[in-house]
J.: 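Have a look at the structure that comes next, please.
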Amino acid sequence: MSGGVPAAGRVGRPAGYGEGRSPFPPIGDYAFLSDCESNCLIAPSGAVEWMCLPRHDSPSVFAALLDRGAGSFRLSPYGVKVPAARRYLPGSLMVETTWQTRTGWLIIRDALLLGPWHNDRERSRTHRRSPTDYDAEHCLLRTVRCVSGTVDLSLVCEPVFDYGREPASWEYVGSGYDDVVAGCVEGSAPVPLRLTTDLRLGIEGRSAQARTRMVEGDKAFVALSWSELPPPRTWEDAAERMWRTAEYWRQWITGGVFPDHPWRVYLQRSALTLKGLTYAPTGALLAAATTSLPETPGGERNWDYRYAWIRDSTFALWGLYTLGLDREANDFFAFISDMCRDADLQVMYGIGGERELTEQLLHHLSGYEGARPVRAGNAAYDQRQNDVWGAVLDSVYLHVKSREQLPETLWPILRRQVEQAAKHWREPDHGLWEVRGEPQHFTSSKLMCWVALDRGARLARLHEEPDFAEEWQALADEIHADICANGIDERGVFVQRYGSAALDASLLLVPLLRFLPADDPRVRATVIAIADELTQDGLVLRYRVEETDDGLSGEEGTFTICSFWLVSALVEIGELARARGLCERLLSYASPLELYAEEIEPRTGRQLGNFPQAFTHLALINALVHVIRAEEAATTGQFAPAHRHA
């Protein structure tokens, strides 16, 4: 259902749009916080401009990211919009912002709290994975310290529920000014919101506000909670919960395995981002935290990425296992296994396992910098994409290799998915990139069907099923021959689809998935052709829109995933110097907080698309580990493959 009540009385483009500087912060300037059940994005101004509750994919409570009138929660010095510095506390998803005013200095720390497991008297209604020692407390905590001089502090919390449709109505709790709750102007709020603080809160129309003058040594806290758990009531309690959350993140990142290398910080930030994009109750991994951030400024290439894509599974497992984050890998694999047990495999699922992700257009929202439509849901969930079976089988293969055994319970799942690939590999589909044009015989889809049969045969041998192994290997060989006959042009370059000369970055996976050895001339020709011909200012496009019927208009930026794939592929074919140069350039495009959206505009370095994006950070891990291990091999003479398919 589209349409609805205007967001806080505003419809269409925000005031000032198209008149000089954009009122929207650059996509790459947002900070990302998570408690592994919900997340938020905080602008440099100190405003929470994106938050969906109670889950990552729920309707928004703050959505100024998509319409300046759709709700925000700002805490900052009065009259100051640009901080002196921002950083993540090392090894965490907690943000520290330092502010300088004309009269003093202020430090604000933000975190989505994690604390001891709290479902002891009553079992959780959402968790399917085994309980851990820590759990989300369903509270955004913001602490303030004045470290020099005097600073006027301002707080403005204005939620607008249901994607900007339902303005909030605040009421005091108790006899003081330190506790308020938000409902809707008409009816009850979809999620209960409570604001507690040691400041004095006032209710100003649809917002809860506070203002005070802080002097050196003063401290304050503000907690926004949506939980039955009690929120912090004192500074000491708030500080303790902040420390506990920091300790959780320190313990978590310490469990990983990271090389002693200058790029370690990027690997750790990517690992933390991936952890933040998980949904702990089920183990699902979101593609990104947001919806409808544009791939083309002002364009229509705007999608909802707050779901779990099956194709991400093999890259996610590889990245997590490589960094020693086995628990997260196992939980995501358990989610994938749950999805594979019933009915036909879909392209994507809701993070709770939902199968229907009906797409609606939110016409009442202006969109980020006027990019419309704004979407909730994703119509691609019921597309035919023949790569999903290969993703599942490669995931099973990676999972089994980490244990050197195939659990009996996985065999029926494995067999069902291999048989689906065997049945459908000759059919056209919408491809890896989910184009909305007519189905085609995409080479990458055939490649992933080969992966399904090849990995299936290997696993059948491990499971001592020689008849299945022989049958599936024979079909894998048939698919292999078909691709080599129809998916390669006269130059010996793999092409996007049968009967076309168009290039496609997905074919960089040919060496990474071990379809052909890296020293095969067709592999080298493909990698070099993509590097030289499918790039814009040296960064890789998915495909050229003029050569591909993707059902959309307009251009798109370079896909950062594909550029990192190119780094890995260049390492594979022995072009280490070129790979390192591209890798260093890509790292220079990281956001100020070392995060990545989906795309980069090469001319400006601007980040485009949903943010932060899991697939990009997974490809970063793959690329950096490829380069690091290749450089180590150059000095030791022994190459350790940066993948688990060798």
Side-chain angles (χ1 to χ4, degrees), residues 311 314 384-394 397 417-435 437-458 460 468-534 540 542-544 547-550 562 565-566 568-569 572-573 645-646:
R311 93 162 43 87
T314 185
R384 172 175 289 281
Q385 293 176 29
N386 296 343
D387 64 317
V388 292
W389 306 300
V392 169
L393 266 296
D394 205 39
Y397 184 63
Q417 302 310 326
V418 174
E419 289 172 348
Q420 287 294 308
K423 179 180 179 181
H424 296 291
W425 76 268
R426 295 179 179 85
E427 300 171 3
D429 73 334
H430 292 280
L432 180 94
W433 305 123
E434 298 167 4
V435 299
E438 290 299 314
Q440 303 281 346
H441 288 280
F442 289 102
T443 305
S444 62
S445 296
K446 312 292 186 187
L447 169 66
M448 292 306 292
C449 287
W450 171 83
V451 168
L453 274 298
D454 175 78
R455 307 304 190 258
R458 298 188 193 196
F468 284 109
E470 182 178 353
E471 176 188 346
W472 293 345
Q473 188 61 61
L475 189 50
D477 293 342
E478 181 182 344
I479 299 173
H480 195 286
D482 187 78
I483 294 172
C484 291
N486 299 295
I488 300 176
D489 66 12
E490 64 277 3
R491 299 186 297 168
V493 171
F494 283 92
V495 294
Q496 180 189 69
R497 59 192 187 274
Y498 286 9
S500 168
L503 295 174
D504 193 300
S506 63
L507 279 313
L508 291 167
L509 298 176
V510 167
L512 303 182
L513 293 170
R514 289 298 179 254
F515 180 79
L516 287 173
D519 59 1
D520 188 293
R522 293 166 292 184
V523 171
R524 181 175 184 82
T526 301
V527 174
I528 297 301
I530 291 172
D532 292 344
E533 302 170 28
L534 194 61
V540 183
R542 293 191 300 178
Y543 48 77
R544 295 203 177 275
E547 297 177 333
T548 303
D549 177 20
D550 61 10
C562 302
W565 283 352
L566 178 57
S568 299
E572 291 282 338
I573 66 171
H645 302 115

J.: For residues S506 and W565, report the shortest heavy-atom separation together with the two atoms involved.
T.: CA-CZ3, 4.0 Å

J.: I'd like to check F494 versus L447 (side-chain heavy atoms, cut-off strictly below 4.5 Å). Are they in contact?
T.: no

J.: What are the two closest non-hydrogen atoms of A518 and I573, and how far apart are they?
T.: O-CG2, 3.8 Å

J.: Name all residues meeting the side-chain hydrogen bond (donor to acceptor under 3.5 Å, both in side chains) criterion together with S445; count only those two or more places apart in sequence or in a different chain, and write none if there are none.
T.: D429

J.: Surrounding CD of E533 (heavy atoms of other residues, nucleotides or ligands, distance under 6.0 Å), is the total greater than 12?
T.: yes

J.: Rounded to the nearest 0.5 Å, what separates atom CZ in F442 from atom CE in M448?
T.: 15.0 Å

J.: Would you call V418 and W389 a side-chain contact if the rule is heavy atoms closer than 4.5 Å?
T.: no

J.: What is the minimum heavy-atom distance between A457 and W472, and which atoms define it?
T.: N-CE3, 3.9 Å

J.: Rounded at 0.5 Å granularity, tell me how far NE2 in H441 sits from CD in Q496.
T.: 13.5 Å

J.: Write down the atom of V523, the atom of P517, and the distance for their closest heavy-atom approach.
T.: CG2-O, 3.4 Å

J.: Quick one: pull up SG in C562 and CG in D504 and give me the separation to the nearest 0.5 Å.
T.: 7.5 Å

J.: With a 4.5 Å heavy-atom cut-off, do R455 and L513 have their side chains touching?
T.: yes

J.: Let me confirm one number: the CG-CG distance from L503 to D489, rounded to the nearest 0.5 Å.
T.: 7.5 Å

J.: Going by salt bridge (Lys or Arg N to Asp or Glu O under 4.0 Å), name the pairs with one or both residues in residues 475-487, residues two or more places apart or in two chains.
T.: R426-E478

J.: Assess whether side-chain contact (heavy atoms from CB on, under 4.5 Å) is satisfied between I479 and L453, documenting all intermediate values.
T.: CA-CA 9 Å; I479 299 173; L453 274 298; 4.1 Å; yes

J.: Could you pull out the closest heavy-atom pair between V495 and L507, with the gap in Å?
T.: O-CD2, 3.6 Å

J.: Rounded to the nearest 0.5 Å, what separation is found between the CZ atom of R491 and the CZ atom of R522?
T.: 15.0 Å

J.: How long is the span from the OG1 atom in T443 to the OH atom in Y498, to the nearest 0.5 Å?
T.: 6.0 Å

J.: Measuring only between side-chain heavy atoms, which start at C-beta, is L508 closer than 4.5 Å to I530?
T.: yes

J.: Does some side-chain heavy atom of R514 sit less than 4.5 Å from a side-chain heavy atom of E572?
T.: yes

J.: Any heavy-atom pair between the side chains of S500 and Q440 that's under 4.5 Å?
T.: no

J.: Going by side-chain hydrogen bond (donor to acceptor under 3.5 Å, both in side chains), name the residues that satisfy it together with H480, two or more places apart in sequence or in a different chain.
T.: none

J.: Which pair of heavy atoms, one from L475 and one from A422, lies closest together, and at what distance?
T.: CD2-CB, 3.3 Å

